[in-house]
Each structure stands twice: as structure tokens, then as C-alpha cells.
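All chains are named by letter (A, B, ...) in the order of the sequence lines, taking the proteins before the strands, and each is independently numbered beginning at 1.
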2 protein chains.
Amino acid sequence: MASDHTRSAILAAAERLYADRGFGDVTLRDIVAEAGVNLAAVNYHFGSKDELIAELFVTRSVQTNRERLRELKAAEEQGGGRAPIEVILRALVGPTLRGCLGPETQRSTAARFMIRASIESVPPIRRIKNREIDHLRKFAAAMRRALPERSDVDIYWGLNFALAMAHHTIRESERLTKLSEGKCDLDDVEDVVARVVSVATMALTAGRTETKARALARDAR
Amino acid sequence: MASDHTRSAILAAAERLYADRGFGDVTLRDIVAEAGVNLAAVNYHFGSKDELIAELFVTRSVQTNRERLRELKAAEEQGGGRAPIEVILRALVGPTLRGCLGPETQRSTAARFMIRASIESVPPIRRIKNREIDHLRKFAAAMRRALPERSDVDIYWGLNFALAMAHHTIRESERLTKLSEGKCDLDDVEDVVARVVSVATMALTAGRTETKARALARDAR
DNA sequence: GATAGTTTCATACAACTGTTTGAATTGCAA
DNA sequence: TTGCAATTCAAACAGTTGTATGAAACTATC
């Protein structure tokens, strides 16, 4: 492996084109033209088109997952193995939201690519997403430690709803802006994170069982 | 227009095939083979493949929207023009969830088709979804009437989160079942509706501003 | 039962797709 | 420099796709 020039040129061109125009109407010929390399180079370096897409997605995906786990681990270490549920949820949805939202003009190619991947969902990407369950289980475990009185079912539903709000907001950010006539500021990422975390926390703590977090909130009044 | 036989055979076959195998790998030739009609019939009756898909999606989409508005109108009439927020949210997410979840074996073709449409999102369907904003505005208006002290921003965020939870749960129902090792029962549709409505209600009523719903809940203790 | 309009049909079209091939080129080590 | 492997390249391949065509079959009306 000499200089990797061709290989990385393809990766960069593909990510940019997919981000801009979607997976549906970007062909290998578009990519190699943008990268200034030969058509056969894609199959030579990646094996197939799907493996190219998979490599793009895996790269960005592990970056996000690493960031998530880093935040989670830091929070749990600081709390002696048990982090507050809000912090766990923030570690779960924060990196994704920060990576995909924010002012459109300064949005990275990687961010726009991940938004596409979230909207279009082509087979090679779907296959990878299915392997993410182990990763989510780590968060489920941390949430169970934070809310020991909650049932597993409630934990999983809370996790599901937290991811739902984050991903849907990313995927439909344009529509929400239009619907609200610009009143909802999707560029204020930290506000979005706070809203998602707040609602997810309520979903997990309110209800029949009185949890520590709820008791704490009540006592604080 | 004589008997519509060919036309409806195409629609039925297309919906079934798309539901089973997704938009990605179902060709017009697959559809006409399944329908037992000639290849040219699709272009003759629908103009193009995209228009066929659009007609399929519009049909099911207006059914859901009609159902939503029926529930909303009934609730508002009963409440003298103002329905409780829970009932509005139930009218928003109930029809969609009831239409797409439930025991897989007895899930209708239409339901499975709509799940596909929610996962894959092809261009003709995306175009139609973009026109749904007017429909959502009616719900935003009803929610504003129910929670007059809430800011528009909060209303839109609540609406966004309610749709997020419903759609994400539909789209990722398989993954949630696997993640929770079957503990989350996606077949108990009314339980899912109740969970989504409950969380969305909390999102809309809890927080800085003390709303009527919250005051009511507190006084009830 | 002839006619006009609609619908069906087999077939061809034209374009595009990801992939393969085998030769040419390059870069590096002996 | 020679030799060898890695890389690049132009070209072609094989298959699929949605769509168009023009003739044939059908249907209803007069």
C-alpha cells in the first residue's frame, strides 16, 4: 500500500456526493469522475460499491459510538459506577445530534452524509445498523443501574423514545423548521439536546414507580 | 373505463410486493408477473412507475389522515371546541400506530406497505410527505387551543416528539423487540399508543410554565 | 354487424448499472 | 538496471431497468 491517494480520494468524493445528492442517484461513474480516478479503482480498492458505502458508514458510525461511550464512561466513573439518568441520556443522544445538526453552512460533509444515511437507509447501511444492538445494550445497562427500580420494559421504552426523538429530529429537521415557520431553532444544538434529554428523562422517571431522580427533584423544591 | 380489473390487479400486486421485498428490488416486471398482466399496462394505466408508487402511498396516506381528523374533530366537538391534549395526541399517533403495528401474522398488506414507505423513503413518496405540512398544522392549532399558555415553539416541539416516537417505533419495531429480547410487546398496540401519548403529554405540559393540565394533575393528588 | 374508442399484447429500445478483463504503467527492491 | 508486484487504465461485458411502439383484441354504440 503505497500512498492511499486513490483510495482516500474515492472515499472523500463518495461521501461528498452521497451527502449532496443521496444514494439513489449517485453512480460509481459520478464518484470516480469527482475523484479524478479510474472507474475500476473502486472495485480494486473496495471490492464493490456496497463495501465502499459500508466503509464510509462504519467509519462515521464508530466515531459517534466511541464518543458516546467516552461520555458514558466518564460520567459513570465520576459517579462511582452510577451516573444520573440525564447524563446517560445526554451521552446517548448528544454526539449524534451535535454531529448532525448545527448551522447548515458549517455542517461538515460527514454530518450531511450521516443525515442522508439516516433518511435513505440502503441495504449495506441497514446491515451495519443491525449490528448496533450490542452497543445499545451498554446504554440499557447503564440506565438500569441509574434507575434500579424501573422495570426492564420501561428502560427499553425510554431508550427507544430517546433515540426516536434524536433521530427523527435530525431526519425531519427541515420539515420542523418549515412547520414552525422557523420558530424552532434547529441550529441551537444544545437546546435540542436539552429538550430531548428532558423529555426522555421524564419518560423514564415519571409514572407509578417513584424513582430516586423524581424524589430528588421533589425534595429540591 | 370498463372494469378496472387490470388497474386494480396492478395496484394490489405492487402493494404486496413492495410490502414484502421493499422498493429497492421490485421491478415493473415483477409486478406485472404477480398481477398477471402485460408489462405495458403499468405505463398505460399509471403513466410511470413513480406515479404508481405515488398513487399507492396517497391512497393509504389519506386514509390515515382522514381517520386522524375524524378523531380530532369528534374530540373537539365533544369538548366544545377544545379537546384535552391527551386526546389530541391520541388522534395524531393512534391511527398510524394502529395501522402499522399489531400481530405480524394478521398485519394487512397496507400496513406492511406503509412500514416499508416509512423505512425506505423513495422520491415519489418523499414528495407527497412534504405536502403533509398543512395537515399537521391543524393538529398544531388544536394543541395550541388545548394549551393556550404554551409557546408556539413548545407546541411544535411536542408535536415533533410525538411523531418521532410513533414513527420511530414503527420503523424500528423489529430492533426494539430484539434489543429488549421480546420484553417490549409491540403487538399490544394500545399499550404503545398509551406510552407515546403519555410521554408526549409530559413533554407538552411539564416544565417552566404551569399549565392547566399540570395544575389539574397536582390538585387531583 | 360495422365502427370508433379503449385496452391488451409481444417486442424492441435506449440507456444505465456495477463489474471484469487484460494490457499498460508505475514504484520499489535487489 | 532488472524484475516483480502493486496500481491504473481504457474498454468491454452482461445484465437490468423503465419506457415506447404499433399491431391485435376487445367492447360498446349506433
Side-chain angles (χ1 to χ4, degrees), chain A residues 1-58 113 116-117 120-128, chain B residues 1-58 113 116-117 120-128:
Chain A
M1 200 175 302
S3 75
D4 255 4
H5 167 271
T6 302
R7 204 185 140 83
S8 44
I10 291 172
L11 284 170
E15 185 167 50
R16 188 170 28 208
L17 287 180
Y18 285 142
D20 286 345
R21 305 181 357 216
F23 297 97
D25 51 89
V26 171
T27 69
L28 287 188
R29 283 169 176 81
D30 294 332
I31 294 171
V32 297
E34 175 89 358
V37 303
N38 186 270
L39 174 59
V42 173
N43 288 279
Y44 178 79
H45 285 281
F46 298 93
S48 70
K49 182 197 185 186
D50 276 12
E51 288 173 87
L52 165 61
I53 295 178
E55 175 154 341
L56 277 173
F57 185 72
V58 165
F113 172 82
R116 279 286 175 196
E120 290 196 25
S121 162
V122 287
I125 289 181
R126 237 171 300 162
R127 274 190 286 270
I128 294 163
Chain B
M1 199 174 302
S3 75
D4 256 4
H5 167 271
T6 303
R7 205 186 139 82
S8 44
I10 291 172
L11 284 169
E15 186 167 48
R16 187 169 26 199
L17 287 179
Y18 284 142
D20 286 345
R21 306 182 355 215
F23 297 98
D25 51 87
V26 172
T27 70
L28 288 189
R29 283 169 176 80
D30 294 333
I31 294 172
V32 296
E34 176 88 357
V37 303
N38 186 270
L39 174 60
V42 173
N43 288 278
Y44 178 79
H45 285 281
F46 298 92
S48 71
K49 181 197 184 184
D50 276 13
E51 288 173 85
L52 165 62
I53 295 178
E55 175 153 341
L56 277 173
F57 185 72
V58 165
F113 172 81
R116 279 285 176 196
E120 290 196 24
S121 162
V122 287
I125 289 181
R126 239 172 299 163
R127 275 191 286 271
I128 294 162

For dA6(D), take OP1 and OP2 only and decide whether either is under 4.0 Å from a side-chain N or O of His45(A). no

Members of residues 11-24 of chain B that approach DNA chain D, where some heavy atom sits under 4.0 Å away: none

Do you know which two heavy atoms are closest between Ser8(B) and Asp4(B), and how far apart they sit? OG-O, 2.7 Å

Name all residues meeting the salt bridge (charged side-chain N to carboxylate O under 4.0 Å, His left out) criterion together with Arg126(A); count only those two or more places apart in sequence or in a different chain, and write none if there are none. none

Can you check the His5(A) NE2 to dT25(C) P distance for me, whole Å? 20 Å

Mind calculating the distance between CD1 (Ile53(B)) and P (dT17(D)) to the nearest angstrom? 13 Å

Smallest separation among heavy atoms of Lys49(B) and Val26(B), with atom names: NZ-O, 4.0 Å

For atom CG of Asp25(B) and atom P of dG15(D), their distance in whole Å: 19 Å

Start at the 5' end of DNA chain C and walk down; is the nucleotide closest to Gly36(B) or to Thr27(A) reached first? Gly36(B)

In a table with atom names and distances, give each donor-acceptor pair under 3.5 Å that connects a side chain of residues 29-42 of chain B to protein atoms at least two apart or in another chain.
from, atom 1, to, atom 2, distance (Å)
Asp30(B), OD2, Arg21(B), NH2, 3.0
Asp30(B), OD2, Thr27(B), N, 3.1
Asp30(B), OD2, Thr27(B), OG1, 3.4
Glu34(B), OE2, Arg16(B), NE, 3.2
Asn38(B), OD1, Ala40(B), N, 2.9

State whether Thr6(A) places a side-chain N or O below 4.0 Å from either non-bridging phosphate oxygen (OP1 or OP2) of dT7(D). no

Between P on dG27(C) and CG on Asp4(A), what's the gap in Å once rounded to a whole number? 15 Å

Please list each protein N or O that sits under 3.5 Å from an N or O in nucleotides 10-13 of chain D, with the distance.
from, atom 1, to, atom 2, distance (Å)
dA10(D), OP2, Asn38(A), ND2, 3.4
dA10(D), N7, Asn38(A), ND2, 3.3

Just report the end-to-end axis angle for the helix from dG1(C)-dC30(D) to dA30(C)-dT1(D), five pairs per end, to 10 degrees. 0°

Nearest to the side chain of Lys49(B), which nucleotide is it out of dT19(D), dT19(C), dT8(C)? dT19(D)

How close do Asp20(B) and Arg116(B) get, heavy atom to heavy atom, and via which atoms? O-NH2, 3.1 Å

What is the distance, rounded to the nearest whole Å, between atom CD of Glu51(A) and atom C1' of dT19(C)? 12 Å

Find the distance Phe46(A):CZ to dT19(C):C1' and express it as a whole number of Å. 16 Å

So CD1 of Ile125(A) and OH of Tyr18(A): to nearest 0.5 Å the spacing works out to 9.0 Å

Nearest-nucleotide pick for Tyr44(A), side chain only, options being dT8(D), dT8(C), dT19(C): dT8(D)

Salt bridge (charged side-chain N to carboxylate O under 4.0 Å, His left out) filter on Glu51(B), not counting sequence neighbours, yields none

Measuring from Leu11(A):CG to Thr6(A):OG1, what's the distance to the nearest 0.5 Å? 11.0 Å

Quick check for you: to the nearest 0.5 Å, what is the distance between Leu56(B) atom CG and Ile10(B) atom CD1? 10.5 Å

Do Glu55(B) and Arg7(B) have side-chain heavy atoms sitting under 4.5 Å apart? yes

To the nearest angstrom, how far is Asp30(B) atom CG from dT17(D) atom C1'? 11 Å

Closest heavy-atom pair and its distance - Phe23(A), Glu120(A): N-OE1, 3.1 Å

